[in-house]
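One structure is given below, encoded as structure tokens.
Just so it is clear, the values below take in all heavy atoms, side chains as well, and ignore hydrogens, waters and symmetry mates. Here is the naming used below: chain letters follow the sequence lines, and residue numbers restart at 1 for every chain.
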Amino acid sequence: MLEILENKLKNNFKKIVKKAYPDFDKWETLNIEPATDFKFGDFQTNFAMKNSNYFRDNPRNIATNIINKFKKSDLIENIEVAGPGFINIFIKTEFLSSYIANLEREKLDFSFLDQKGSVIIDYSSPNIAKRMHVGHLRSTVIGDSIKRIYNFLGFHTVADNHLGDWGTHFGKLIVAYRKWLDKENYRKNPVRELERLYVKFNREAEKNKELNNDARKELNKLQEGNKKNKNLWKEFVEVSLGEYKKMYKKLNIEFDTYHGESYYHDIMDDIITILKEKNIAEKDDGALVVFFNEDKNLHPCIVMKKDGSYLYATSELATIKYRIKNYDVNRMVYVTDERQKDHFKQIFEIARKIGWDKKYIHVPFGLMSSKDGVFSSREGNIILMKDLINKALEKAKEVVEEKNPELPESEKRKIAETIGIGAIKYSDLGQNRKSEITFNWDKMLQFEGNTSPYLQYVYVRVQSLFKKAKQEDINYSLDSKIYLNNPTEKQIAIKLSHFPKIVINAAKYYKPNIIADYLFDLAQTYNTFYNSLSILREDREIRDSRLLLSKKVAYIIKTGLNLLGINVVDKM
RNA sequence: GCGUCUGUAGCUCAGUUGGAGAGAGCACUGGUUUCCUAAACCAGGGGGCGGAGGUUCAAAUCCUCCCAGACGUGCCA
């Protein structure tokens, strides 16, 4: 097992501090971070500055006391005081070189993380009977990436697609289905037809209020188990799910469970009982409502309507109850747009009131909208996921065609798929999830600069190196030593060593873009290296060293991209 | 009204949770291919982080006020 470098450095540094300050115990203030600039060494810590109040001394004195106790080790070459009291750490090149040589060979040790139980991640969650559109993209790719990241860190994860398969719109759909169904369209494209019916219903209901009453009746019948309605509902779910699964397959996204809201239907009564028994909810204006302490700054949350029917909040609570009963929960993660922030705060607060003391995490992201407002099936201004994917594939195919006309057609298509899907995912994941996005075709389909093709290209270059080496009968060895004589090589090595910590940070903050940023930076450095230094033409030792370094870069790029749900190709 | 979030180069955004001269991509200007894939590389111009105060050894990051925008706010999800 390979101990991650930051931990190693921390332990080493602790020992030095203990010699200078034997009684010190506020180790949570110790942070060792990559140096902000290579002229400041390899790593740095603001330890002395952070604790100057504690020691009642000025930071430079503290730092000096610490470095006076330093003795060269296998790990650290030197430490220095700098600026207002930074301690700069210069790592032993020998150590660095062997550390990154071990990167792919040895499994990384993440056992110090709280890995017990399952991380349940709730994402994508489209509404049945509506076509998937670009508005669903963010939750889907961010959730998938979080799953991959936690898996990489040794957690067991459960990816749950909490489908919107229950609720008022099914009453409307059933009415509309019986009134206006176009059988031919339904056969050809069922979900599109269901969506049309839903839109039509809403339009008609504005003129004719009776329709809403009919819908309510049908909904009641459905909820009471009326066979005809239930079968119709099942059909809606099946055809929709069939289409979603095709989309997920194209996007290379998998779920462990597809437990829609209806799945928890039988637990809803229990929730109401619990809330009543524990005096958490009270009757107000005919509805059952939970009120919160003023300091929580939350609006009241309705858990049961006047007419006795349940709401979103009720079903979320039922879901939590189910999960606690059926899983050993490490934490529950919800990936939805930021408009739902308050709802989740309410739900988590109610869960805590009930006594379900778990880690609940809402991972909100900024809304994706079009130039002229929010995407909405009802408004009909949506861009379909299918169209987005097709356009990306088309454009990627054109580029492949241009760059590699000699490849067989099937291979071109395969490459285009990986590149196109990657570009879509990266354009989202490369961004801090909190920022709002205005949908932009050009940005989605960009293949140059900070994009996934840029990263995939680095991987391809390395594969190409090895292919060329083979062609030219170069007898290289991958057990060679990695020499870090050149500054660019050293930089690459240092950056490679950061990878595990980067993944930990991405997990900690639920932010895949931390990985994306890192990969782009690594890729840029590698491209600089690739363009300025030769590899295959060098003498054996340097050649093998640079090949091995390249291989490590390719490995990290591949692994990192995989954490974003993006694959690599050998040629492009 | 109240609450939450956002405001960083012409455009799109990053900024390791308070740290060392404010970064990247795109666009623009100029250069690099007898050499391992130019979807690449190198160089250049351009902002002082919405505004004003404050806390701190240190502020784009924290606090207060103001301006602008987005979202939420009792029977939707």
**OP:** Between A:Ser52 and A:Asp284, just flag the one whose closest nucleotide in RNA chain B comes earlier from the 5' side.
**Re:** A:Ser52

Spacing of [X] atom [atom1] relative to [N] atom [atom2], expressed in whole Å:
{"X": "A:Lys434", "N": "B:U17", "atom1": "NZ", "atom2": "P", "answer": "13 Å"}
{"X": "A:Asn51", "N": "B:U56", "atom1": "CG", "atom2": "C1'", "answer": "16 Å"}
{"X": "A:Glu538", "N": "B:C36", "atom1": "CD", "atom2": "C1'", "answer": "11 Å"}
{"X": "A:Asn450", "N": "B:G15", "atom1": "CG", "atom2": "C1'", "answer": "13 Å"}
{"X": "A:His299", "N": "B:C75", "atom1": "NE2", "atom2": "P", "answer": "12 Å"}

Report yes if a side-chain nitrogen or oxygen of [X] is closer than 4.0 Å to either non-bridging phosphate oxygen (OP1 or OP2) of [N]; otherwise report no.
{"X": "A:Asn440", "N": "B:C11", "answer": "no"}
{"X": "A:Asn432", "N": "B:G15", "answer": "yes"}
{"X": "A:Arg461", "N": "B:A38", "answer": "yes"}
{"X": "A:Thr451", "N": "B:G25", "answer": "no"}
{"X": "A:Gln524", "N": "B:G25", "answer": "yes"}

Per [X] side chain, nearest of listed nucleotides [options]:
{"X": "A:Lys305", "options": "B:G19, B:U16, B:C76", "result": "B:C76"}
{"X": "A:Phe86", "options": "B:G19, B:C75, B:C36", "result": "B:G19"}
{"X": "A:Tyr530", "options": "B:G3, B:A38, B:G25", "result": "B:A38"}
{"X": "A:Gln431", "options": "B:A14, B:G19, B:C75", "result": "B:A14"}
{"X": "A:Asn505", "options": "B:U16, B:A40, B:C36", "result": "B:U16"}
{"X": "A:Lys341", "options": "B:U17, B:C5, B:C36", "result": "B:C5"}
{"X": "A:Lys443", "options": "B:U12, B:A39, B:G19", "result": "B:U12"}

Original post:
Side chain of A:Tyr518, base of B:U16: donor and acceptor closer than 3.5 Å?
Top reply: no

Subject >> Nearest-0.5 Å distance, NZ of residue A:Lys283 to NZ of residue A:Lys276 >> reply: 5.5 Å

Does [N] pair with anything, Watson-Crick or G-U wobble, both distances under 3.5 Å, and if so, with which nucleotide?
{"N": "B:G1", "answer": "B:U73"}
{"N": "B:G7", "answer": "B:C67"}
{"N": "B:C41", "answer": "B:G31"}
{"N": "B:U61", "answer": "none"}

Original post:
Is A:Glu195 salt-bridged to A:Arg131, cutoff N-O under 4.0 Å?
Top reply: yes

Sugar-phosphate, base or nothing in reach of [X], heavy atoms under 4.0 Å:
{"X": "A:Ser435", "value": "sugar-phosphate"}
{"X": "A:Asp307", "value": "nothing"}
{"X": "A:Ala82", "value": "base"}

Original post:
What about A:Tyr258 and A:Tyr244, are their ring centers closer than 6.0 Å?
Top reply: no

Original post:
Do A:Tyr454 and A:Phe520 make the cut of ring centroids closer than 6.0 angstrom?
Top reply: yes

Subject >> Charged tip of A:Lys495 within 45° of A:Tyr518 ring normal and under 6.0 Å >> reply: no

Original post:
Regarding A:Tyr526 and A:Gln491, is there a side-chain donor-to-acceptor distance under 3.5 Å anywhere?
Top reply: no

